Amino acid sequence: MASDVSHPVALRDCPYCGLISTVPHNVRGVAASCPQCTSGLGRIWHPDMRIPRGWALAAGLFYVFALVGPFVQISIYGRLQLADIATGPLQLSVQGFDLVGLLVLAVTIIFPGIKLGILLLTLFGIRLQHPPTRFLKAIFRWYPVIGPWAMVDVYLLGFLVAYTRLTAMATVHLDLSLFALVGLMISMAALDGSLDTGAVWNALDTGPTPRPIDAGHCGGHLIGCHCCFLINRAEPGMACTRCDTVLRDRKPDSIARSWAFVIAAMALYVPANLFPVMLITQLARTTPFTIMGGIVELFAAGLWPLGLLVLLASIAIPLIKLLSMACMLIEAQRPSGRHLLGLTRTYRFVDFIGRWSMIDVFMISILVALLRFGQFANVRASTGAACFAGVVVLTMFAVEAFDPRLMWDGADHTAPASKPDRTLIAESS
Ligand SMILES: [Zn+2]
Ligand SMILES: [Zn+2]
């Protein structure tokens, strides 16, 4: 593809296939894609950061309002029960599922709070006359790590599924905190969408100008930083000159770690589907519900869009993730060079979709928070829920541990990955 000569360009390495190519640099609205595997390499929207700063402030306010009060209350036979966002994790812990409770607490309150704290401090810190760049770099490095674990959006979808079950059993009143949660979800999505992390790293950059690599010396060992995406001329183990992250050619022990997570998740997938995830008591009658049982009930109640959603999120996606991860690991170990584009696209898909499998775990945490009316109406979590939460977390770890560039390295017989000068300079639109 011919490059547009009117655009300034920069070197960028593709995190999916490892190709180093030139991409448009600091050009607003222009998207770059990898010429080898077609993965998107980012688009610059607002290099001035005023819009993400506004969204970060809005998200901070919504976050505080979401925490202060109950977000839903229900009444059955004149008895009232209300829940705030921490009630579910607390009840899960009371019922003996401490780790599941901690997981729900972490991904709904702690990680969204940390993510917002990082963004507020960074976006406002770089406006200072003498910004504390060392500190801001140290915290902003965590933004891509924490990001996928802040799951307010998935939690609200879990609430929607729980809501349909609750309305069949009780009178449900929505409280102000729920609307704050919706505001938080929208403002965080807008913040992620409008934030140009490259511009943040440029603003925090205290390195030499121009860098050796910018000055046209393209020889030597080029390593892309997995955190800020700067191309460094360095050896593995050295620190990135812009963000101080330790540079690696490939993720360390990627295949062994990823296989360990995949095998552990496969082992948990069976009990997650065999054992009940919750026990629902209504008028002194207790019924165990498996994941599949819950889906059948949604279909039977005529709620087929929700049933289909839970079927996809809870049964199909974990299975697709496990099978496709196994295929990718085999390809990385015994390279055939076939279907590389398809496998890379699948990797990006499972990376994007993984967190949405938490819907069922959130639904259970909301039901155990609200349905506490003894023999009248009660919900208890069960072993299947813990196994299922384990499957979701382990598959997310497996995807994170895997390095898709290993599949391309193996296929590139003429210049194997261990050779540091495997660097193709190509151009993208
Ligand atoms: Zn690529
Ligand atoms: Zn870096």
Side-chain angles (χ1 to χ4, degrees), residues 1 3 9-25 31-43 118 122 126 133-145 147 195-214 221-251 254 328 331-332 335 337 339-349 351-352 402-412 415 417 422-429:
M1 238 182 287
S3 72
V9 292
L11 285 178
R12 171 78 192 264
D13 100 315
C14 172
Y16 300 102
C17 72
L19 180 79
I20 295 182
S21 57
T22 53
V23 296
H25 179 59
S33 60
C34 172
Q36 181 166 260
C37 74
T38 71
S39 302
L41 297 177
R43 182 192 291 265
I118 290 172
T122 310
I126 48 181
T133 44
R134 272 179 81 96
F135 169 72
L136 295 179
K137 281 179 186 182
I139 58 166
F140 194 64
R141 278 207 298 266
W142 287 92
Y143 168 65
V145 182
L195 184 72
D196 175 10
T197 51
V200 175
W201 283 120
N202 281 337
L204 293 172
D205 195 354
T206 48
T209 317
R211 290 172 193 286
I213 191 68
D214 296 332
H221 189 170
L222 299 185
I223 308 183
C225 170
H226 69 270
C227 179
C228 75
F229 301 115
L230 182 81
I231 303 288
N232 291 260
R233 193 144 58 85
E235 292 299 321
M238 288 167 72
C240 169
T241 54
R242 182 159 71 173
C243 73
D244 303 335
T245 303
V246 176
L247 296 165
R248 302 263 180 236
D249 272 327
R250 299 292 179 258
K251 292 178 186 172
S254 163
M328 286 180 239
E331 175 64 31
H339 313 301
L340 282 177
L341 267 181
L343 285 169
T344 308
R345 282 192 190 126
T346 310
Y347 177 80
R348 275 157 47 206
F349 173 73
D351 188 24
F352 164 77
F402 183 66
D403 195 331
R405 292 171 295 185
L406 295 172
M407 300 190 292
W408 292 85
D409 293 342
D412 191 0
R422 179 193 174 264
T423 306
L424 297 162
I425 309 293
E427 310 211 321
S428 76
S429 64

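Counting starts at 1 for both ligands and their atoms, in listed order. Note that the coordinates shown come from a computational prediction; the quantities given were computed from them, not determined experimentally.
Counting only distance, with no hydrogens or angles, the side chain of K251 and the backbone of F402 share a donor-acceptor pair below 3.5 Å.
Rounded to 10 degrees, the SG-metal-SG angle spanning C34 and C14 at the Zn ion (ligand 1) equals 110°.
Closer than 2.8 Å to the Zn ion (ligand 2) sit the protein N, O or S atoms C225 SG, C228 SG, C240 SG, C243 SG.
Rounded to the nearest 0.5 angstrom, W201 CH2 and C243 SG are separated by 4.5 Å.
Checking R12 against S21 by side-chain atom types alone, no donor-acceptor pair falls below 3.5 Å.
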Q: Could you walk me through whether D409 and R250 pass the salt bridge (Lys or Arg N to Asp or Glu O under 4.0 Å) test, one step at a time?
A: CA-CA 10 Å; D409 293 342; R250 299 292 179 258; 2.7 Å; yes

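If you run side chain to side chain donor-acceptor pair (under 3.5 Å) between R242 and each of D205, N232, N202, only N202 comes through.
A distance below 6.0 Å separates the ring centres of Y143 and F140.
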